[in-house]
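Index from 1, following the sequence.
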Amino acid sequence: MNFNELNLEPRILHGISDRGYTEMTAVQEQTLAQTLHGMDVAVQSQTGTGKTAAFLITLFNCMFNSSAPKRKKALIIVPTRELAVQIEKEARLLNRHLGLAIGSFYGGVGYATQLALLKKGLDIVIGTPGRLLDLSERGQLNLKEIRILVIDEADRLFDMGFLPDIKKLLRKMPPRNIRQNMLFSATLNRFSKKIAAEHMNRPVFIEVTPERMTVDTILQELYHVKSHIKMNLMLGLLKAQAPQNALIFTNMRHSAFRLSKKLQHNGFRSQHLTGDLPQNRRLKIIDDFMAGKFALLVATDVAARGLHIDSLEMVINYDLPQDCENYVHRIGRTARAGNSGKAISLASEGTADHLEAIESFIGMKIPVQTADIDLYATDESLGFSPRKRFQHDRSNKNNRANFSPRNKQRNKSHGRPNRGGNGNGKWKA
Ligand code: ADP
Ligand code: MG
C-alpha cells in the first residue's frame with residue numbers, strides 16, 4: 001500500500017516522498033492502520049522493518065490533526081544514545097516541511113546545550129531514560145505535557161535494566177487515558193506486556209512475522225575454519241569480494257579492538273565500535289562509517305544494536321554469536337528495507353552448538369562454502385599480535401632460535417593451533 005493512500009496532511013506526505021519512501025513496509029501499514037485512528041499499539045517486529053517512520057508519521061499526524069489549541073507534545077524513550085541520534089535524524093528528514101522542534105537527550109554530553117534546547121520548547125523529545133529522568137527531576141523537562149508516548153526497542157530497554165527508570169518516567173506523565181501510547185520491540189516479552197497492561201490504553205498487539213522475512217533477502221554463507229587461520233580466511237574473503245563496506249562482528253570487546261587493528265595492519269581502513277568508547281567517539285565512528293570514510297567496522301552486539309546503516313553491503317560474523325537471535329539482528333544490518341545483502345559467517349571449533357541453535361531459529365541450514373587454499377591470505381599483522389607471532393615462529397621449523405622458553409610457555413597455555421580452542425574453552429580472538 002502506498003503512503004498516498006493514507007489520509008495524511010500533504011506536508012507530511014511531502015516529507016515522506018522527499019525521504020524516498022513510496023510503499024509502506026508491512027509494519028508501517030499495520031501500525032498506521034491503528035495509530036492514525038488514535039489507538040495504542042504494542043508492536044513486535046524485527047529490526048530493519050521501518051518502525052521508526054511508523055511512529056514518527058503517527059506523531060506528526062497527531063500533532064497536525066488535533067483540534068486542541070496547543071500542539072501536542074511527544075516523548076520517545078530509547079535505550080541508547082546512538083538510537084536517539086538516529087531517530088532524531090530520521091525525524092528531521094521527515095519533518096522537512098513541518099517545522100516541528102525536535103531534540104534528543106542522552107547521557108555523556110554537557111547540560112548547557114540541552115537546557116538551551118529545552119528552553120526553546122520542543123514538540124518532540126527523544127531520549128534515554130537516565131537523562132530524561134535527570135532533566136525531569138531538575139524541573140527542566142515537564143513530562144506532564146506529554147500527549148504521545150513512544151517506547152522504542154522495549155526489549156533492549158528492559159535488558160539494560162531501565163524498567164525502574166521507565167516506571168518513574170511514566171508516573172511523571174499525565175494519566176494514560178489522555179496519552180496515545182506506542183511500544184515497539186523485536187520481541188514482546190513479559191515486561192512489555194506488563195507495561196502494555198498497566199500504562200497503555202488496551203493496545204492493539206501487532207506482530208509482523210519476523211525472522212524469515214529478514215533473512216530471506218540475504219545471501220548467507222558459512223565457512224568452517226580452524227580458529228588459527230580464521231583471520232587468513234577473512235582477509236582472503238575481503239580481498240576477493242572487496243565489499244564497499246562491511247560490518248564485522250566479534251563476541252567480545254577486546255577482540256573487536258584487536259581485529260580492527262589487525263585489519264589496519266593489513267591495509268584495510270577499519271575502526272572498532274565497542275560499548276566502552278566515549279560517546280562522542282562512537283558517534284563520530286558511526287557517522288564516518290556511514291559517510292564511507294572507512295570501509296570496515298568491527299563491532300560487538302551491544303554497540304551495533306539499533307545501528308542503521310543504509311546500503312551496507314556485507315556482514316561478517318567473525319565470531320558466531322552465542323545468542324541465536326543476535327544472528328538475525330546482525331545479518332539484518334544488511335538487506336534493510338528490501339535491499340539485498342550478504343552475510344558471511346566463520347564457524348570455528350567449539351561453535352557447533354551455536355550453529356545448531358541459529359539454524360533451528362532461522363529455520364534453515366546456512367549454505368556451507370568450501371574455501372580453496374588460494375583464498376587464504378597472508379596476515380601482514382603477524383608482527384603485531386604476540387600470539388600470531390608465536391604461531392609464525394613455530395611454523396618456521398628451521399628457525400629454532402626463535403623458539404624461546406617464553407614461547408614454549410605460551411605454547412602450553414595457548415598453543416595447539418591445529419587442534420583448536422585455547423585451552424579454557426572461552427573465545428579469545
Ligand atoms: P526498525 O526501527 O524497524 O529497525 P528503521 O525504522 O530503522 O527500522 O528502518 C530501517 C530502514 O528502512 C531505514 O534505512 C529506513 O530509512 C528504511 N525505510 C523505512 N521505511 C521505508 C519505506 N516505507 N520504504 C523504504 N525504505 C524504508
Ligand atoms: Mg528501530
- Message: If only side-chain N and O atoms count, and only distance matters, is there a donor-acceptor pair under 3.5 Å linking Thr300 with Thr274?
- Response: no
- Query: When you check the side-chain N and O atoms of Lys342 and Gln241, is any donor under 3.5 Å from an acceptor?
  - Reply: yes
- Item | Pair Arg19-Glu90, salt bridge (charged side-chain N to carboxylate O under 4.0 Å, His left out): steps then yes or no | CA-CA 9 Å; Arg19 180 75 179 91; Glu90 178 80 3; 2.8 Å; yes
Does [X] [atom1] have over 12 foreign heavy atoms under 6.0 Å away?
X: Lys120; atom1: NZ; value: no
X: Asn177; atom1: CG; value: yes
X: Arg281; atom1: CZ; value: no
X: Gln244; atom1: CD; value: no
X: Lys284; atom1: NZ; value: no
X: Glu356; atom1: CD; value: no

- Are side-chain heavy atoms of Thr250 and Arg258 found at a separation under 4.5 Å? no
- Task: Could you check if a side-chain atom of Lys194 sits within less than 4.5 angstrom of a side-chain atom of Leu163, using non-hydrogen atoms only?
- Result: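 Counting from C-beta outward, Lys194 and Leu163 never come under 4.5 Å.
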- Message: Both conditions, 6.0 Å and 45 degrees, for the charged tip of Arg269 above the ring of Phe289: are they met here?
- Response: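 Judged by the rule, Arg269 and Phe289 form no cation-pi pair.
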- Query: Has Arg131 got its NZ or CZ under 6.0 Å from the middle of the six-membered ring of Tyr111, at an angle within 45 degrees of the ring axis?
  - Reply: yes
- List the atom of Ala371, the atom of Leu233, and the distance in Å for their closest heavy-atom pair. CB-CD1, 3.6 Å
- Roughly how far, to the nearest 0.5 Å, is the CD1 atom of Ile57 from the OG1 atom of Thr52?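 Going from the OG1 atom of Thr52 to the CD1 atom of Ile57 covers 10.5 Å.
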- Task: Report the distance from atom NE2 of His14 to atom NE2 of His97, rounding to the nearest 0.5 Å.
- Result: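 Answer rounded to 0.5 Å: 3.5 Å.
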- Salt bridge present between Lys230 and Asp319 (N-O < 4.0 angstrom):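 Looking at Asp319 together with Lys230, the answer is yes, because their closest N to O distance falls below 4.0 Å.
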- Salt bridge or not for Lys51 and Glu153, using N-O below 4.0 Å?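 Between Glu153 and Lys51 there is no salt bridge, as every charged N stays at least 4.0 Å from the carboxylate O atoms.
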- Task: Assess whether side chain to side chain donor-acceptor pair (under 3.5 Å) is satisfied between Asn201 and Asp40, documenting all intermediate values.
- Result: CA-CA 6 Å; Asn201 310 298; Asp40 282 12; 3.1 Å; yes
- How are the rings of Phe184 and Phe55 set to each other: parallel, tilted or perpendicular (split at 30° and 60°)? tilted
- Message: Using a 3.5 Å distance criterion without hydrogens, assess whether the side chain of Thr31 forms a donor-acceptor pair with backbone atoms of Val27.
- Response: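 Flag set: sc Thr31 to bb Val27 pair under 3.5 Å.
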- With ring centroids as reference points, do Phe361 and Tyr327 lie under 6.0 angstrom apart?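 No, they do not, as the ring centres are separated by 6.0 Å or more.
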